[in-house]
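Here's the structure, in structure tokens; my notes come after.
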Amino acid sequence: MRTATVNRNTLETRIGVTLNLDGTGQAMLNTGVPFFDHMLDQIARHGLIDLTVTAEGDLHIDAHHTVEDIGITIGQALATAMGDKKGIRRYGHAYVPLDEALSRVVIDLSGRPGLEFHCEFSRARIGDFDVDLIHEFFQGFINHAGVTLHIDNLRGDNAHHQAETIFKAFGRALRMALAADARMGAAIPSTKGAL
């Protein structure tokens with residue numbers, strides 16, 4: 001099974017992540033940031049990834065360090081759980097609507113970090129959650145997972161809907177990219193022979 005547990009402890013945060021890439025979408029989330037827990041739940045459910053995240057961060061300042069460090073730690077866990085990437089599809093994509101909002105996410109499990117993030121949220125905060133932190137989460141994630149990720153919110157008037165479509169589409173694109181490709185067999189999907 002493709003699983004990993006990673007702990008990251010700094011002077012700002014203490015993060016624990018356990019994931020199972022071949023799970024059923026179960027999530028146990030306790031980040032101290034309720035809206036962010038809701039978004040991580042979308043990744044688990046739509047990615048069919050079992051995900052446990054615990055976090056203690058300097059929330060008396062704001063949620064920046066906590067959200068960013070969770071992205072870093074999930075990225076590290078994904079990189080470990082993927083192993084040598086033999087037989088996977090490598091690429092994944094998804095379009096997800098929610099009422100008026102529509103987002104597209106395309107991912108390449110390339111071994112190279114790259115992020116294109118094009119989302120103009122309709123407002124700066126969702127409750128007390130700063131929408132800028134969504135970019136910070138994905139930046140931390142791609143830097144440590146070693147993936148190329150394109151995220152585009154194509155339309156939306158409700159910031160909650162915009163964010164939710166992004167996380168749902170990310171989960172579904174990741175699920176597609178991680179899936180076994182029967183025709184690939186045990187080969188690595190790259191002309192380089194490595195990812």
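These figures come from a predicted structure and were not determined experimentally.
- Counting only heavy atoms from C-beta outward, the side chains of Leu40 and Phe137 approach each other to under 4.5 Å.
- To the nearest 0.5 Å, atom NE2 of residue His144 and atom OG1 of residue Thr73 are 8.5 Å apart.
- Taken from CG in Leu133 to CD in Gln139, the straight-line distance is 13.5 Å, to the nearest 0.5 Å.
- Here His46 contributes atom NE2 and Arg172 contributes atom CZ; the two are 5.5 Å apart, rounded to the nearest 0.5 Å.
- The closest side-chain donor-acceptor pair between Thr31 and Asp37 falls under 3.5 angstrom.
- Under a hydrophobic clustering in which Ile, Leu, Val, Met, Phe, Trp and Tyr are joined whenever their side-chain heavy atoms come within less than 4.5 Å, directly or via other members, Leu174 and Leu48 fall into different clusters.
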Evaluate Arg104 against Asp152 for salt bridge (charged side-chain N to carboxylate O under 4.0 Å, His left out), listing each step before the verdict.
CA-CA 5 Å; Arg104 173 184 60 218; Asp152 296 279; 3.4 Å; yes
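- Taking Arg155 as the reference, nothing meets the salt bridge (charged side-chain N to carboxylate O under 4.0 Å, His left out) condition, with sequence neighbours excluded.
- Put simply, the side chain of Leu178 reaches to within 4.5 Å of the side chain of Arg2, judged on heavy atoms.
- Follow the hydrophobic side-chain contacts under 4.5 Å out from Ile166 and you reach Ile43 in the same cluster.
- Residue pairs meeting the salt bridge (charged side-chain N to carboxylate O under 4.0 Å, His left out) criterion with at least one member in residues 105-123, sequence neighbours excluded, are Arg90-Asp108.
- A heavy-atom distance below 4.5 Å is found between the side chains of Ile134 and Phe129.
- A donor and an acceptor atom, one from each side chain of Ser103 and Thr165, are located under 3.5 Å apart.
- Taking both residues in full, the closest heavy atoms of Leu19 and Ala81 are given as CD1-CB, 3.6 Å, listed atom of the first, atom of the second, then distance.
- Heavy-atom minimum distance, Gln162 versus Ala101: N-CB, 3.9 Å.
- Asp50 meets the salt bridge (charged side-chain N to carboxylate O under 4.0 Å, His left out) test with no other residue; sequence neighbours excluded.
- Ring geometry for Phe167 versus Phe36: interplanar angle over 60°, hence perpendicular rather than tilted (30 to 60°).
- The number of heavy-atom neighbours closer than 6.0 Å to CE of Met28, taken from other residues, nucleotides and ligands shown, is 12 or below.
- Of all the heavy atoms in Leu195 and Ser190, the pair that sits closest is CD2-CB, 3.7 Å.
- Heavy-atom minimum distance, Thr13 versus Asp69: OG1-OD2, 2.5 Å.
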Stepwise, does the side chain to side chain contact (heavy atoms under 4.5 Å, CB included) test hold for Glu12 with Glu68?
CA-CA 11 Å; Glu12 298 167 337; Glu68 180 181 29; over 6 Å; no
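- In this structure a side-chain-to-backbone donor-acceptor pair under 3.5 Å is present from Ser122 to Ala159.
- The 12-atom threshold is not exceeded at CG of Leu11, counting heavy atoms of other residues, nucleotides or ligands nearer than 6.0 Å.
- Summarising the geometry of Leu59 relative to Gly32, their closest heavy-atom pair is CD1-O, 3.4 Å, with the distance given to 0.1 Å.
- The hydrophobic clustering, which links ILVMFWY residues whose side-chain heavy atoms are closer than 4.5 Å, places Ile107 and Tyr95 apart.
- Nearest heavy-atom pair across Asn153 and Cys119 is N-SG, 3.9 Å.
- Residues Val147 and Leu115 share a single hydrophobic cluster, defined by chaining ILVMFWY side chains whose heavy atoms lie under 4.5 Å apart.
- Remark: Asp84 CG is packed, more than 12 non-hydrogen atoms of other residues, nucleotides or ligands lying under 6.0 Å away.
- Separation of the Phe141 and Phe170 ring centroids falls under the 6.0 Å cut-off.
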Go through the steps to decide whether Ile88 and Lys86 satisfy the test side chain to side chain contact (heavy atoms under 4.5 Å, CB included), and finish with yes or no.
CA-CA 6 Å; Ile88 63 168; Lys86 288 182 178 176; over 6 Å; no
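- Note that CG of Asp99 and NE2 of His161 are 4.5 Å apart. Values are rounded to the nearest 0.5 Å.
- One distance of note links CG of Asp130 with CZ of Phe121; it measures 10.0 Å at 0.5 Å rounding.
- By the salt bridge (charged side-chain N to carboxylate O under 4.0 Å, His left out) test, Lys168 pairs with Glu164, sequence neighbours left out.
- For Phe117, the ring pair (Phe, Tyr, Trp, His ring centres under 6.0 Å) partners at least two apart in sequence or on another chain are His135.
- When each of Leu21, Thr18, Val17, Asn20 is paired with Leu51, the side chain to side chain contact (heavy atoms under 4.5 Å, CB included) condition holds for Val17 and for no other.
- Partners of His93 by side chain to side chain contact (heavy atoms under 4.5 Å, CB included), not counting sequence neighbours, listed by chain and number: Val106, Met176.
- When hydrophobic clusters are built by joining Ile, Leu, Val, Met, Phe, Trp and Tyr residues whose side-chain heavy atoms come closer than 4.5 Å, directly or via intermediates, Met82 is not grouped with Ile72.
- The CD1 atom of Ile15 sits 7.5 Å away from the OG1 atom of Thr10 when rounded to the nearest 0.5 Å.
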